[in-house]
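This is a predicted model, so every value here is computed, not measured. Residue numbers begin at 1 in each chain, while the letters A, B, ... track the order of the sequences.
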There are 2 protein chains.
Amino acid sequence: MASNTEENYLKALFQITIESGSKIEAGTNEIAAHLGVKPATVNDMLKKLKAKKLIQYEKYGKSSLTKSGKKIAIEVVRKHRLWETFLFQKLAFSWDEVHVVAEQLEHIQSKKLIDKLDAFLDYPAFDPHGDTIPNAKGELAITVKKTLLEEKIGHQCKMIGVKDNSAAFLQYVNKLGLSINQTIKVISRQPFDDLIEIEVNKKINSISPKFAENIIIECKECMIK
Amino acid sequence: MASNTEENYLKALFQITIESGSKIEAGTNEIAAHLGVKPATVNDMLKKLKAKKLIQYEKYGKSSLTKSGKKIAIEVVRKHRLWETFLFQKLAFSWDEVHVVAEQLEHIQSKKLIDKLDAFLDYPAFDPHGDTIPNAKGELAITVKKTLLEEKIGHQCKMIGVKDNSAAFLQYVNKLGLSINQTIKVISRQPFDDLIEIEVNKKINSISPKFAENIIIECKECMIK
DNA sequence: TAATTTTGTTAGACAAATCTAACATATATA
DNA sequence: TATATATGTTAGATTTGTCTAACAAAATTA
């Protein structure tokens, strides 16, 4: 069984690599900065985690999770986010207070506890920060933030913000039926003038690339494990 | 701030001494047996806790809690019993499963969490084992188990069991209106024949010392802190 | 390519909590 | 009271997780 500290290293590695969606390995200094410890300390732990076959690591190289390391990391993330949801929904903690307490609660060892908590909260999909919660099987939908311009044709996504805050732009946003949390589907792209067809609330509209570039969306990237 | 381990030693000392209602100090071996560690380990910790002014202790002597040590111990007991109540009432854990998980949860450091949990559970007075839960001020009603013969005149207590299991005795118990959880008040004691007058459900009856000796009761001993 | 900077490693130290084995003191018993 | 038993202490070792300071390798830049 992994110690609290080991769990924290595995979680850090998971968040830096897999969940970031942007890289597959992490450097020693990077992990140290993420955890607020010294690189020397991380180095010792990397050797230990390698010996336990929880990470892949070679001297002077970068680190990544093995299958069993990833499993533990996802369990910790699941516990963290379920506890955050509990604190927020049931105990009326505010959005910004839940994290520090969940940092402690995530290390409580009891499979039964966490599965019962999951049921008590009615199997939530998102924590109070909007991050996805892994299910009991350890499956986790990874979402990535980007602009609507970058979304692929045929994909669905969720609007989570705007880049431009001018009145003109926001009025246009409104007119198209767009708002925070609104689901958007990209239908097509015209080769001739680059206009993008989107579907919002079953209505189809065309928007310019310039407009699309100012809509921040979140889309499901992949399913982990 | 006390470490998890220090908290466990303080809690053990509290339970052995103050909460037991029977003694005011604990020996090194006794503490070791209670915690499942070796006396040598306890000895080291006693020195440390003394240095932190959390206990009173002299070489080759017995140990007891100081005011600040007691405060911490009661907070840990409060957390333990509130978490047990949460697991039992909200997550449908069974009576005998709650303890081991609460042993972990009792060390979570967040005053806000425990006070909100208390409110969420509607300020319970007892945990699933029937033990009293200290309130937010650190006050705790201590109950002591003894026989009805030992109860003082004028005091109220609660029947929690019997010593004799013969049919004759149990029928007599029934006839007097006694049962588990029944409140009993000791009215008087006759100097002439030692008979004891008790009040049960507003009816007064006389019982013999032999009878009283076979009724196990729980009574509020005092209010701690 | 050579020098500099960034990144990673090693060695040695420390604190916390535990152990075992040997020793010391206190209490009980013959 | 002398011995035996129970209780408590000490010294030295171990594990875990951390540090600092010195060193080594890799990457970047002039």
Side-chain angles (χ1 to χ4, degrees), chain A residues 1-13 16-17 20 22-65 69 72-73 76 103-104 106-109, chain B residues 1-13 16-17 20 22-65 69 72-73 76 103-104 106-109:
Chain A
M1 179 154 291
S3 69
N4 286 11
T5 313
E6 286 166 358
E7 285 190 350
N8 284 336
Y9 279 84
L10 295 173
K11 186 179 69 159
L13 203 42
I16 295 171
T17 62
S20 79
S22 62
K23 52 174 105 123
I24 56 163
E25 301 174 308
T28 305
N29 282 4
E30 196 176 8
I31 299 170
H34 192 277
L35 288 170
V37 298
K38 301 291 164 180
T41 309
V42 174
N43 189 261
D44 287 344
M45 184 56 83
L46 293 180
K47 289 175 191 166
K48 193 199 226 179
L49 293 174
K50 190 197 173 181
K52 288 193 170 191
K53 301 196 170 147
L54 297 173
I55 66 168
Q56 282 166 285
Y57 160 73
E58 295 305 330
K59 209 167 152 176
Y60 292 107
K62 310 241 171 192
S63 309
S64 62
L65 291 168
I72 294 174
V76 176
E103 284 288 297
Q104 295 181 66
E106 71 187 7
H107 299 296
I108 302 292
Q109 299 293 344
Chain B
M1 182 153 290
S3 70
N4 286 10
T5 313
E6 286 167 356
E7 286 191 348
N8 284 335
Y9 279 84
L10 295 173
K11 186 179 68 157
L13 203 41
I16 295 171
T17 61
S20 79
S22 62
K23 53 174 105 123
I24 56 164
E25 301 174 309
T28 306
N29 282 4
E30 195 176 8
I31 299 169
H34 192 278
L35 288 170
V37 299
K38 301 291 166 183
T41 310
V42 173
N43 190 262
D44 286 344
M45 184 55 84
L46 293 179
K47 289 176 190 166
K48 193 199 223 178
L49 293 174
K50 190 196 172 179
K52 287 191 169 190
K53 299 196 171 146
L54 297 173
I55 65 167
Q56 282 164 282
Y57 160 73
E58 294 305 329
K59 210 167 155 179
Y60 291 107
K62 311 242 173 190
S63 310
S64 62
L65 291 167
I72 295 174
V76 176
E103 284 287 296
Q104 294 181 65
E106 72 187 7
H107 300 295
I108 301 293
Q109 300 293 347

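Atom CD of A:Glu30 is separated from atom C1' of C:dT6 by 13 Å (rounded to the nearest Å). The distance between atom NZ of A:Lys47 and atom P of C:dA11, rounded to the nearest whole Å, is 8 Å. Summarising the geometry, the separation between NZ on A:Lys62 and C1' on D:dA27 is reported as 10 Å, rounded to the nearest angstrom. One can place CG of A:Asp44 at 13 Å from C1' of D:dT15, the figure rounded to the nearest angstrom. Rounded to whole Å, the distance from CD1 on A:Ile55 to P on C:dG8 is 13 Å. Taking atom CD of residue A:Glu58 and atom C1' of nucleotide D:dA25, one finds them 15 Å apart after rounding to whole Å. A:Asn43 has its CG atom 18 Å from the P atom of D:dA21, to the nearest Å. A straight line from CD1 of B:Ile31 to P of D:dG8 spans 8 Å, rounded to a whole angstrom.
The shortest side-chain heavy-atom distance between B:Leu49 and B:Leu13 does not fall under the 4.5 Å cut-off. Between A:Tyr9 and A:Val42, the closest side-chain pair of non-hydrogen atoms falls below 4.5 Å.
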Start with the C-alpha gap between B:Lys23 and B:Lys62, add the side-chain angles, then the distance that decides, and say whether side chain to side chain contact (heavy atoms under 4.5 Å, CB included) holds. CA-CA 11 Å; B:Lys23 53 174 105 123; B:Lys62 311 242 173 190; over 6 Å; no
Could you check B:Lys11 against B:Glu103 for side chain to side chain contact (heavy atoms under 4.5 Å, CB included), going step by step and ending with a plain yes or no? CA-CA 11 Å; B:Lys11 186 179 68 157; B:Glu103 284 287 296; 2.8 Å; yes
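Out of C:dT18, C:dT9, C:dT10, the shortest distance to the side chain of A:Ala40 is found at C:dT10. Counting only heavy atoms from C-beta on, B:Val37 has its side chain closest to C:dT18 among C:dG8, C:dT18, C:dA26. Out of C:dT10, C:dA26, C:dT20, the shortest distance to the side chain of B:Lys38 is found at C:dT20. Here the nucleotide nearest the side chain of B:Tyr9, chosen from C:dT18, C:dT9, D:dG8, is C:dT18. Here the nucleotide nearest the side chain of A:Thr5, chosen from D:dT18, D:dT9, C:dG8, is D:dT18. In the set C:dT9, C:dT18, D:dG8, D:dG8 carries the atom at the smallest distance from any side-chain atom of B:Asn29.
B:Ile55 and B:Lys50 make their closest contact through CG1-N, 3.7 Å (heavy atoms, listed as atom of the first residue, atom of the second, distance).
OP1 or OP2 of C:dC19 sits under 4.0 Å from a side-chain N or O of B:Thr41.
When each of B:Thr28 and A:Tyr60 is assigned the nucleotide of DNA chain D bearing its nearest heavy atom, the one mapping closer to the 5' terminus is B:Thr28.
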